[in-house]
Amino acid sequence: MLSKRVGMRIREVREQSGLTQEELAKRIHVSRSSVESWECGQTYPSIDNCVALSKIFHLSTDYFFSAVPCKRVILDQFSEREKQMVYEMLAFFDEEKKVGKSRL
């Protein structure tokens with residue numbers, strides 16, 4: 001069950017990023033069949049490959065293994081100014097959460 005979930009998440013983020021299995025394999029220095037094996041749930045990526053995947057897709061390694069679904073926003077198509085606005089908005093909400101907890 002876990003291997004299927006890991007594989008589905010790898011495939012999902014790879015496809016959302018517009019990468020083929022071959023392109024992803026080249027970026028993390030593995031064979032295309034390794035990526036295919038992960039995506040089919042036959043094997044797991046090594047710890048080093050999990051770290052590489054998390055860096056490529058800007059995700060925590062937990063994303064691939066966690067049972068809790070996570071929302072992901074791809075900012076690759078945004079300008080640097082637009083990305084900065086998103087980061088500032090997220091920082092604002094983080095700060096609001098902290099302030100809200102201190103009021104309790």
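Note that these values count all heavy atoms, side chains included, but never hydrogens, waters or copies made by symmetry. The structure presented is a predicted model; accordingly, all values stated were derived computationally and were not measured.
- Rounded to the nearest 0.5 angstrom, Cys50 SG and Asp62 CG are separated by 10.5 Å.
- For the atom pair OG1 of Thr61 and NZ of Lys55, the computed distance is 11.0 Å after rounding to the nearest 0.5 Å.
- Hydrophobic cluster membership of Phe92, counting Ile, Leu, Val, Met, Phe, Trp and Tyr whose side-chain heavy atoms lie under 4.5 Å apart directly or via other members: Met89, Phe93.
- Looking only at side-chain heavy atoms (C-beta outward), Arg27 and Leu19 come within less than 4.5 Å of each other.
- Shown here is Lys83, whose NZ atom has more than 12 heavy atoms of other residues, nucleotides or ligands within 6.0 Å.
- In this structure the side chain of Phe57 reaches within 4.5 angstrom of the side chain of Phe64, judged on heavy atoms.
- How far NE2 of His29 is from OG of Ser34: 13.5 Å, rounded to the nearest 0.5 Å.
- Thr20 meets the side-chain hydrogen bond (donor to acceptor under 3.5 Å, both in side chains) test with Glu23; sequence neighbours excluded.
- For the residue pair Val51 and Ser54, the shortest heavy atom distance occurs at O-OG, 2.7 Å.
- At least one side-chain heavy atom of Arg11 sits less than 4.5 Å from a side-chain heavy atom of Arg14.
- Evaluation of the side-chain contact (heavy atoms from CB on, under 4.5 Å) rule for Ser33 yields Ser31 as partners, not counting sequence neighbours.
- Crowding of Gln77 atom CD: a count of heavy atoms from other residues, nucleotides or ligands under 6.0 Å not exceeding 12.
- Atom-to-atom distance recorded for Leu24:CG and Ser17:OG is 9.0 Å, nearest 0.5 angstrom.
- The same ILVMFWY cluster, assembled from side-chain heavy atoms under 4.5 Å apart, contains both Phe65 and Trp38.
- In this structure, CZ in Phe78 is found 9.5 Å from CG in Asp76, a value given to the nearest 0.5 Å.
- Residues Ile10 and Leu53 come closest through the heavy atom pair CD1-CD1, 3.9 Å.
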